[in-house]
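The structure appears below as structure tokens.
Proteins come first, then strands; the chains are lettered A, B, ... in the order of their sequence lines, and each starts at number 1. It should be emphasised that the depicted structure is a prediction, and the values quoted were computed from it without experimental measurement.
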2 protein chains.
Amino acid sequence: MKDTEHPQDSAAGLRSAGLRVTAARLAILDSVRAGDHLDVDAVTSQVRDRLGHVSFQAVYEALHAFTAAGLVRRIEPAGSPARFESRVGDNHHHLVCRQCGRLTDVDCTIGEAPCLEPADDAGYLVDEADVTFWGICPDCRQDS
Amino acid sequence: MKDTEHPQDSAAGLRSAGLRVTAARLAILDSVRAGDHLDVDAVTSQVRDRLGHVSFQAVYEALHAFTAAGLVRRIEPAGSPARFESRVGDNHHHLVCRQCGRLTDVDCTIGEAPCLEPADDAGYLVDEADVTFWGICPDCRQDS
DNA sequence: CCCTTAACCTGAATGATTCAAGTCAACGAG
DNA sequence: CTCGTTGACTTGAATCATTCAGGTTAAGGG
């Protein structure tokens with residue numbers, strides 16, 4: 001069991017978040033953990049491969065609950081459907097390929113604090129900084 | 001004429017971008033310039049106040065053309081419809097209020113360059129960094 | 001002044017997400 | 001171990017932003 005990837009198994013994760021442990025939710029959480037920034041469609045088909053059936057609504061509801069509980073993080077690059085990742089709690093950002101839509105994690109640019117502090121907060125109570133780098137991924141650069 | 005706000009009038013802006021000067025497009029561009037991060041709906045009603053009528057499609061097409069031409073910038077915070085601003089060409093970012101959706105400009109945190117360079121570009125050819133700060137705006141902080 | 005084609009129109013379609021309302025089953029109390 | 005509560009799931013329909021299609025109008029270069 002690689003606890004470097006997931007500090008606790010999915011069932012324990014659900015339980016400690018106050019959520020019920022069901023086959024569907026286990027499969028949904030596992031899919032997000034195993035997958036690479038999957039969207040709702042992709043999660044749904046993964047779960048269907050494993051269990052035979054789930055409704056889209058179950059997946060939407062579960063992902064919403066997981067996001068609220070801090071088990072997964074929802075990312076939504078402009079013009080793309082929402083995608084989910086299990087790497088949470090660290091202040092990391094994303095590279096998005098304009099061509100193929102691929103999404104890659106990037107560590108925070110300059111340590112930790114600067115990413116949470118705008119030059120002038122204009123009186124806002126800021127709690128999150130969302131950074132997206134847009135460009136062309138290595139694969140798409142070759143195919144040109 | 002305050003040329004600090006708009007280096008050239010809207011008609012000239014359209015012309016120099018290779019676009020035709022029509023009443024509708026002038027009104028659309030003026031609305032974006034006068035407004036504060038308006039969405040398509042808001043732009044449309046502004047234009048209707050001024051001209052009596054425009055179709056949504058005309059507004060969508062125009063805003064798309066303006067964006068491509070670099071006359072306006074399209075911003076799309078997660079969970080919100082697209083919004084448009086006329087402040088372009090500088091590397092500025094945004095504060096978004098989680099409660100009322102208000103959007104406020106922020107200058108680039110650390111000068112210019114760092115915002116375009118992720119810690120590790122993972123082989124991507126990065127051309128833009130999109131930074132959004134999430135929080136509660138001054139007005140909403142008071143109403144609590 | 002005329003022609004090309006960008007701009008505009010009406011109307012319909014798409015895709016992601018959410019709402020509604022009823023059924024089922026996880027799991028804590030007894 | 002059984003029961004009841006209520007969270008989870010299901011089907012089916014609705015909503016919202018945006019785009020597509022196909023036809024008409026008019027800006028502005030020749």
* Structure fact -> The contact string for nucleotides 22-30 of chain C, one letter per nucleotide 5' to 3', using protein heavy atoms under 4.0 Å with B, S and - for base, sugar-phosphate only and none, comes out as ---BBS---

* Spell out protein contact along nucleotides 12-19 of chain D as letters: B when the base is contacted, S when just the sugar-phosphate is, - when no protein heavy atom is under 4.0 Å; keep the 5' to 3' order. => BB---SBB

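Here dA7(C) presents its P atom at 12 Å from CG of L26(B), a figure rounded to the nearest Å. Spacing between atom CD1 of I75(A) and atom C1' of dA16(C) amounts to 16 Å, rounded to whole angstrom units. In this structure, L29(B) places its CG atom 15 Å from C1' of dA7(C), rounding to the nearest Å. If you take CG of L63(B) and P of dA7(C), they are 13 Å apart, rounded to a whole angstrom. The distance from atom CZ of R48(A) to atom C1' of dC9(D) is 13 Å, rounded to the nearest whole Å. dA8(D) atom C1' lies 12 Å from atom CG of L14(A), rounded to whole Å.
Scanning for side-chain contact (heavy atoms from CB on, under 4.5 Å) contacts around A23(A) gives L51(A), with sequence neighbours left out. For R98(B), the side chain to side chain donor-acceptor pair (under 3.5 Å) test picks out D127(A), E128(A), with sequence neighbours left out. Taking R74(A) as the reference, T67(A), E76(A), A82(A), F84(A) meet the side-chain contact (heavy atoms from CB on, under 4.5 Å) condition, with sequence neighbours excluded. Partners of S55(A) by side-chain contact (heavy atoms from CB on, under 4.5 Å), not counting sequence neighbours, listed by chain and number: Q57(A), A58(A). Remark: H37(B) pairs with H94(B) by the ring-ring contact (aromatic ring centres under 6.0 Å, His included) rule, at least two apart or across chains. Residues forming a salt bridge (Lys or Arg N to Asp or Glu O under 4.0 Å) with D120(A) (at least two apart in sequence, or on another chain): none. The side-chain contact (heavy atoms from CB on, under 4.5 Å) check on R87(A) picks up D90(A), H92(A), D105(A), D107(A), with sequence neighbours excluded.
Backbone-only contact: A24(A) has heavy atoms under 4.0 Å from sugar-phosphate atoms and none from a base.
I75(A) and V40(A) are not part of a single hydrophobic cluster, where members link through side-chain heavy atoms under 4.5 Å apart.
Contact annotation: R25(B) side-chain N/O to dA27(D) OP1/OP2 distance is not under 4.0 Å. Note on H53(A): a side-chain N or O is less than 4.0 Å away from OP1 or OP2 of dT10(D).
Rounded to 10°, the helix from dC1(C)-dG30(D) to dG30(C)-dC1(D) has 40° between the axis fitted to its first five pairs and the one fitted to its last five.
Shortest non-hydrogen contact noted between A62(B) and I28(B) is CB-CD1, 3.6 Å.
Counting only residues at least two apart or on different chains, no ring-ring contact (aromatic ring centres under 6.0 Å, His included) pair has a member in residues 51-83 of chain A. Listed by first and then second residue, the salt bridge (charged side-chain N to carboxylate O under 4.0 Å, His left out) pairs that reach into residues 36-59 of chain A are D30(A)-R50(A), sequence neighbours excluded.
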